Protein chains: 2
Amino acid sequence: MESTDSAVMDKLVSLAKRRGFIFQSSEIYGGTGSVWDYGPLGVELKRNLRGRWWKAMVHQRDDIEGLDAAILMHPRVWEASGHVEGFSDPLVECRNCHRRFRADDPEIGGDQCPVCGSRDCFTEPRMFNLMFRTFMGPVEDAASTVYLRPETAQGIYVNFLNVLNSARQKIPFGIAQMGKAFRNEITPGNFIFRTREFEQAEMQFFVEPRTDEEWLEYWKGQRMAWIVELGIRAENLRFHEHAPEELAHYAKKAYDIQYCFPFGWQEFEGIHNRTDFDLSRHQEYSGKRLEYFDPVTQRRYLPYIIETSAGIDRTLLVVLTDAYHEEEVEGETRVVLRLHPALAPLKVAVFPLVRKDGMPEIAVEIHAALRAAAIPSFYDDSGSIGRRYRRQDEAGTPWCVTVDGQSTQDGTVTIRDRDTLRQIRVSANAIVEWVSDQLARPYVPPPPSARSASG
Amino acid sequence: MESTDSAVMDKLVSLAKRRGFIFQSSEIYGGTGSVWDYGPLGVELKRNLRGRWWKAMVHQRDDIEGLDAAILMHPRVWEASGHVEGFSDPLVECRNCHRRFRADDPEIGGDQCPVCGSRDCFTEPRMFNLMFRTFMGPVEDAASTVYLRPETAQGIYVNFLNVLNSARQKIPFGIAQMGKAFRNEITPGNFIFRTREFEQAEMQFFVEPRTDEEWLEYWKGQRMAWIVELGIRAENLRFHEHAPEELAHYAKKAYDIQYCFPFGWQEFEGIHNRTDFDLSRHQEYSGKRLEYFDPVTQRRYLPYIIETSAGIDRTLLVVLTDAYHEEEVEGETRVVLRLHPALAPLKVAVFPLVRKDGMPEIAVEIHAALRAAAIPSFYDDSGSIGRRYRRQDEAGTPWCVTVDGQSTQDGTVTIRDRDTLRQIRVSANAIVEWVSDQLARPYVPPPPSARSASG
């Protein structure tokens, strides 16, 4: 039994709070508009997601370097990027697709959104800049105005030559970065999908101009493969190519990777051919030459940039949504998060069946051995065993180890699989090795028919 | 030969830029005041430092939960914390110790700093709040004012009950968090020591009121042990206990861990007994009960909080400074970063002695095997072998593997140790295992006398 309607979002928000994935920010003060905090399980899920991206994009490649640029940048950066000018007009926003338009745009005269086709969908016009503005230094005036970055990408562009030279790279190569960005959205919403403070994972790949189209296709393939390897179901993923009227001012061609959220198909990552727009603008505004000198052809040129730009919070929402399942088990509804084991905050939970007869001692020992091997484990001896299983199902923990009466006789324990509900007996001494082996394997979510009704 | 004077800072800044550890933010635009970007090696060093803190403070303990709260919080949080009121007066700042005082403070009437004793050291008085102010939503007015958090700790306090309940913890337990904070410092400086945007690693430990003093001593010991295990020399570390006049308004007792920087002894981490100040203030300002119910004693109480608060950038500066060495080797000055191998951005560099005779093929294979084993490796075939060694010394890479003529005959390669300069021959097939073994060992920096002059 799968819930596919919009009620799924309410259930996700509720589970996320109950199990400590995501809390509303400043909840005891009534909350902060569309800002969220990651709790004990959420921060581990996010760390695992970040780590997986960094491994694939930086550690496993010789042609990509990492970077961690600051949130506060020189204000001229945002003049060069187009962010200061691009949002200084009175704007209306389509309540449906969230595109913004100048209020005097002739295309919206018919009160029909030219992108998504909605009618009567526009907010009142407002003088509005998407960027959060603040002041550096003791005086609050125009000269001290700085902005919270609305994207991490510009930190990469302005460091292009510093990274190229210090890392002794040659084109083609990329620079990858993860970090916070801020946008003063008029219409935030849908839980962690559209928020004012969010985290990006962006990679900018610098290429020879005439090779840009093939690199765009390469990265389109790489990024889709990455999300599929996380176990996200292929039928919930698709590419959306931007039509000419959708393309941003800097883009020659652009693809979104979309996911079928409970609130419809929406983008969580974009792959863009940004041409030499960014480097040429920064060259113009900074007065510094940003050309690359090719040691083989002896030519100087401004590289083209292929960008892969993912929202980490959005990707996390993809992961949570795709993992969320409800099923009937023995007449009760079981809620389970089928998280990829590499992403699961806890890999194992360890239970003594009862709090006596030597069972807690064995369970504590297994738990300690798992922790010592850096395998996140949770010890739980409270409530019925069925209830303990259900808690771990909601946390997405792949394996539950139970120490029972037989354990004290023959040294074996049960391992219960989150997805299939099947149980096997394994020697208590072999648990660390067994779990390590499982974690090294690719994860394939089971088809519904393979799920046992026991458990 | 050790450089201990203030010129070391200039050398560190220069090395950090040259090797891609740290760049000035928005450098092509003339820089942003006291804001820095972490380059390819810097981001890895920072990641390793963060990972080590998280492992010790969260993953290896059952009594600490992780959290990742947002930078933007409800503005009432900063009224409760004292940050709005505490900085709304005209202030002067001591240029030496950076303490701020109300301009009308009778203690500074003699123009002598009551904390550090400096004379004629005060800035002109200014109406100044340490917090960066911005506006959420389309209208910029008092009602939409929000602040960039000046510390991560408050995100922990307001989530105390959410974490307690969802993680099913019992007191004593802690909540740990890493993340950016922002302070509009009047006098930033000393490279990444005092910056307006910085990263914190904070842990708040909730305890029964009458046990606070012993927990303060426990965490004082734990945190010093952690920094010593990073290989930081004990003679450069000390505790500084706050005198009554130094104590913050929330603190009953406080220790700094100080490092002997080139610019003097300065704090990079604090361990504080904050009593129940924070929870009682948030209880008062939010109107929500934040008491803990002890299931054993059946008592309700507000826990006391022992805080460990570290600056990640400052700790990174401790690591870089302590690792920086200059020595005479064969009549030339060798600059070397003696980083703990667990922190080093690159663990291994692989060189073919020359670019022919089958050496590059073997070197490429070793490099690929290291990468496949998730051991960060750098391949370098350019310049003399001595120059390649020097580059890796400056990057802090513990081991350099060189493929030479003998390698093509008997399958062995040399491994050169960064600290001792000693070389050994090891089978090329055994490199991954050899490096993994080394990384699993505790690191003890060699005494100066143990350093060979060959290499």
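What you see is a predicted model; the values in this text were computed from it and never measured. Convention: sequence-line order gives letters A, B, ...; per-chain numbering from 1.
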[X] versus [Y], closest heavy-atom pair with distance:
X: A:Pro75; Y: A:Val146; answer: CD-CG1, 4.2 Å
X: A:Phe182; Y: A:Glu197; answer: CE2-CG, 3.5 Å
X: A:Ser377; Y: A:Val350; answer: OG-CG2, 3.7 Å

- request: Quickly, which of A:Arg387, A:His367, A:Arg391 forms a side-chain contact (heavy atoms from CB on, under 4.5 Å) with A:Asp380? Name it, please.
  value: A:Arg391

Which one, [options], leads in non-hydrogen pairs under 4.5 Å with chain B?
options: A:Ala167, A:Gly66, A:Gly30; answer: A:Gly66
options: A:Leu67, A:Ile28, A:Ile22; answer: A:Ile28
options: A:Ile175, A:Val77, A:Asp68, A:Asn159; answer: A:Asp68
options: A:Leu41, A:Val58, A:Asp62; answer: A:Asp62
options: A:Ser286, A:Gly42, A:Gly31, A:Ser26; answer: A:Ser286

field: Evaluation steps, salt bridge (Lys or Arg N to Asp or Glu O under 4.0 Å), between A:Glu79 and A:Arg76
entry: CA-CA 5 Å; A:Glu79 295 172 26; A:Arg76 285 282 281 173; 2.9 Å; yes

Among [options], which has the most heavy-atom pairs under 4.5 Å with chain A?
options: B:Glu44, B:Arg19, B:Lys55, B:Gln177; answer: B:Glu44
options: B:Tyr38, B:Tyr379, B:Trp54, B:Trp36; answer: B:Trp54
options: B:Met136, B:Lys180, B:Glu65; answer: B:Met136
options: B:His282, B:Glu27, B:Arg18, B:Gln60; answer: B:His282
options: B:Ala176, B:Ala69, B:Gly20; answer: B:Ala69
options: B:Leu72, B:Val35, B:Val158; answer: B:Leu72

Residue [X] versus chain A: region with a heavy atom under 4.5 Å:
X: B:Arg61; result: backbone
X: B:Tyr285; result: both
X: B:Arg50; result: side chain
X: B:Asn162; result: both
X: B:Lys17; result: both
X: B:Leu148; result: side chain
X: B:Leu290; result: side chain

message: Can a side-chain donor-acceptor contact be found between B:Thr195 and B:Ser34 if the only test is distance below 3.5 angstrom?
response: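 The answer is no; no qualifying pair exists.
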
message: Can you confirm whether the side chains of B:Ser382 and B:Arg388 place a donor and an acceptor under 3.5 Å from each other?
response: no

message: Around atom NZ of A:Lys288, are there more than 12 heavy atoms from other residues, nucleotides or ligands closer than 6.0 Å?
response: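 Counting other residues, nucleotides and ligands, NZ of A:Lys288 exceeds 12 neighbours.
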
task: Quick one: pull up NZ in B:Lys46 and CD1 in B:Ile192 and give me the separation to the nearest 0.5 Å.
output: 7.5 Å

- request: Give a yes or no on whether the backbone of B:Met178 and the side-chain of B:Thr152 come within a donor-acceptor separation of less than 3.5 Å.
  value: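 Looks like no, no N/O pair under 3.5 Å.
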
query: So, does A:Arg281 use its side chain to make a donor-acceptor pair with the main chain of A:Ala80 at under 3.5 Å?
result: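 Pair found, side chain donor or acceptor close to backbone of A:Ala80.
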
